[in-house]
Amino acid sequence: MNKHFLGDTAVLLGRSLRHIARSPDTIITTVITPIAMLLLFVYVLGGAIQTGTGSYVNYLLPGILIITIASGISYTAYRLFLDLQGGIFERFQSMPIARAAVLWAHVLTSLVANLISLVVVVLVALAMGFRSGAGVLQWLAVAGILVLFTLALTWLAVIPGLTAKSVDGASAFAYPLIFLPFVSSAFVPTASMPGPVRAFAENQPVTSIVNTLRALFTEQPVDTSIWTALAWCVGLLVAAFTFAGITYRRRTS
């Protein structure tokens with residue numbers, strides 16, 4: 001059964017990746033927003049923002065990486081919705097294909113596409129002056145956290161992809177996720193925020209993840225923020241995976 005599932009997932013993953021290869025504007029579109037924000041905040045607003053650190057692009061990049069993921073996962077919901085409406089799920093059900101392989105192919109496609117987008121954003125940041133003294137282990141830790149967060153949000157995107165009534169509804173769910181970094185430590189220190197806003201910012205997932213990435217990039221101690229970040233990522237992943245599975249079984253039963 002495992003070999004059957006892995007083989008089916010690989011075939012369907014190839015199908016989804018071919019869709020992206022034939023439509024590279026998908027990645028370009030999802031990466032434009034975070035790059036535009038990076039340029040805007042560094043070159044237009046950065047001079048007016050006090051972070052108490054050196055280069056603002058170094059401070060900003062972790063938050064932009066989170067926005068990149070939030071922008072990219074909307075494509076997963078969009079592709080799932082189109083497949084569902086196009087009847088491809090029914091065709092797959094009539095074939096000897098592992099049912100879970102259909103969802104995993106979309107999730108892995110999202111992971112690949114988002115990793116490409118993240119690399120592009122980091123390259124742009126390097127061209128803008130981003131520098132990091134992080135070693136191999138720190139970069140691997142950064143990559144691990146970003147992969148875990150991408151998987152969590154992708155499985156979350158599966159739910160609206162299976163339940164939305166329109167294309168706009170399938171992809172619009174990502175908008176609150178893109179907004180969430182603005183009420184966190186992604187752009188400014190939380191100490192500069194008024195009381196209630198600061199309380200929310202310091203206790204939502206983006207702040208702990210951003211603080212952990214920022215500490216890893218600058219080779220600073222990550223203290224307890226890394227455990228909080230991992231707890232958020234794993235908790236979101238388990239919850240999203242569970243509800244996505246339930247939704248998929250109900251939708252295709």
Side-chain angles (χ1 to χ4, degrees), residues 30-74 114-115 117-126 128-132 134 138-139 141-150 152-153 156 173-233 236:
T30 57
V31 84
I32 280 178
T33 298
I35 289 178
M37 288 185 180
L38 186 63
L39 294 170
L40 173 66
F41 276 88
V42 171
Y43 291 131
V44 179
L45 304 175
I49 298 176
Q50 301 299 320
T51 61
T53 60
S55 172
Y56 185 56
V57 68
N58 285 9
Y59 183 90
L60 182 65
L61 182 60
I64 295 298
L65 294 178
I66 299 301
I67 290 176
T68 303
I69 296 171
S71 300
I73 50 96
S74 62
N114 275 286
L115 288 177
S117 297
L118 289 170
V119 170
V120 172
V121 171
V122 170
L123 291 176
V124 172
L126 286 170
M128 295 171 61
F130 170 75
R131 296 295 180 266
S132 172
Q138 285 87 353
W139 275 101
V142 168
I145 292 172
L146 291 176
V147 166
L148 194 60
F149 190 61
T150 300
L153 290 193
L156 189 64
F173 91 100
Y175 296 154
L177 299 178
I178 295 173
F179 175 76
L180 202 57
F182 288 92
V183 193
S184 73
S185 63
F187 296 93
V188 296
T190 56
S192 64
M193 301 176 183
V197 178
R198 178 179 179 179
F200 173 79
E202 291 180 346
N203 293 281
Q204 57 120 321
V206 171
T207 292
S208 60
I209 296 171
V210 164
N211 289 344
T212 299
L213 296 179
R214 191 175 288 136
L216 289 169
F217 279 139
T218 57
E219 296 182 289
Q220 298 296 316
V222 292
D223 55 61
T224 59
S225 63
I226 189 170
W227 303 114
T228 305
L230 290 174
W232 272 112
C233 289
L236 286 171

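All figures in this text were calculated on a predicted structure; none of them were measured in a lab.
Enclosure of atom CZ in Phe179 is not indicated, since only 12 or fewer non-hydrogen atoms of other residues, nucleotides or ligands lie within 6.0 angstrom. Within a 6.0 Å sphere centred on CH2 of Trp227, heavy atoms belonging to other residues, nucleotides or ligands number 12 at most.
Using a 4.5 Å heavy-atom threshold, the side chains of Met128 and Tyr43 count as touching. Side-chain contact between Val188 and Met193: present, with at least one pair of heavy atoms (C-beta onward) separated by less than 4.5 Å. Proximity of Val183 to Val206: side-chain heavy atoms (C-beta onward) are nowhere separated by under 4.5 Å. By the 4.5 Å heavy-atom criterion applied to side chains, Ile67 and Val121 are not counted as neighbours. Residues Thr68 and Val120 have side chains not in contact (no heavy-atom distance under 4.5 Å, counting atoms from C-beta outward). Inter-residue side-chain proximity for Asn211 and Thr228 is flagged as unmet; no heavy-atom pair is nearer than 4.5 Å. With contacts defined as side-chain heavy-atom distances shorter than 4.5 Å, the pair Ile73/Leu156 does not qualify. Here the side chains of Leu115 and Val119 are not in contact, with every heavy-atom distance at 4.5 Å or above.
In terms of heavy-atom proximity, Ala186 sits nearest to Val210 at CA-CG1, 4.0 Å. Between Gln204 and Leu180 the shortest heavy-atom distance is NE2-O, 3.1 Å. Across all their heavy atoms, Asn203 and Trp232 have their closest contact at O-CZ2, 3.7 Å. Thr190 approaches Ser184 most closely through the heavy-atom pair CG2-C, 4.1 Å. Pairing each heavy atom of Ser71 with each of Pro34, the nearest pair is OG-CD, 4.0 Å. For the residue pair Pro189 and Tyr59, the shortest heavy atom distance occurs at N-OH, 3.1 Å.
Distance check, rounded to the nearest 0.5 Å: SG of Cys233 to CD1 of Ile226 gives 10.0 Å. Note that CG of Leu61 is 12.0 Å distant from CZ of Arg131, once rounded to the nearest 0.5 Å. Going from atom OG1 of Thr150 over to atom CG of Asn114 covers 5.0 Å, rounded to the nearest 0.5 Å. Of the inter-residue distances, the one linking Ile209 atom CD1 with Leu230 atom CG reads 9.0 Å to the nearest 0.5 angstrom. Interatomic distance, CD of Gln138 versus OG of Ser132, reported as 8.0 Å (0.5 Å rounding). To the nearest 0.5 Å, atom CG of residue Asn58 and atom OG1 of residue Thr218 are 8.5 Å apart.
Aromatic ring orientation, Phe187 versus Phe182: parallel (interplanar angle below 30°, classes split at 30° and 60°).
Scanning for side chain to side chain contact (heavy atoms under 4.5 Å, CB included) contacts around Ala215 gives Gln220, Val222, with sequence neighbours left out.
Counting only residues at least two apart or in different chains, salt bridge (charged side-chain N to carboxylate O under 4.0 Å, His left out) contacts with residues 189-205 comprise Arg198-Glu202. Pairs of residues two or more places apart, or lying in two chains, never qualify as salt bridge (charged side-chain N to carboxylate O under 4.0 Å, His left out) while including a residue from residues 57-70.
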- Apply side-chain contact (heavy atoms from CB on, under 4.5 Å) to Leu65 and Val122, showing your working. CA-CA 8 Å; Leu65 294 178; Val122 170; 3.9 Å; yes
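Residues Ser225 and Thr212 have side chains that bring a donor and an acceptor to within less than 3.5 angstrom of each other.
Under the 3.5 Å distance criterion, the side-chain polar atoms of Thr207 are matched with a main-chain donor or acceptor of Ala201.
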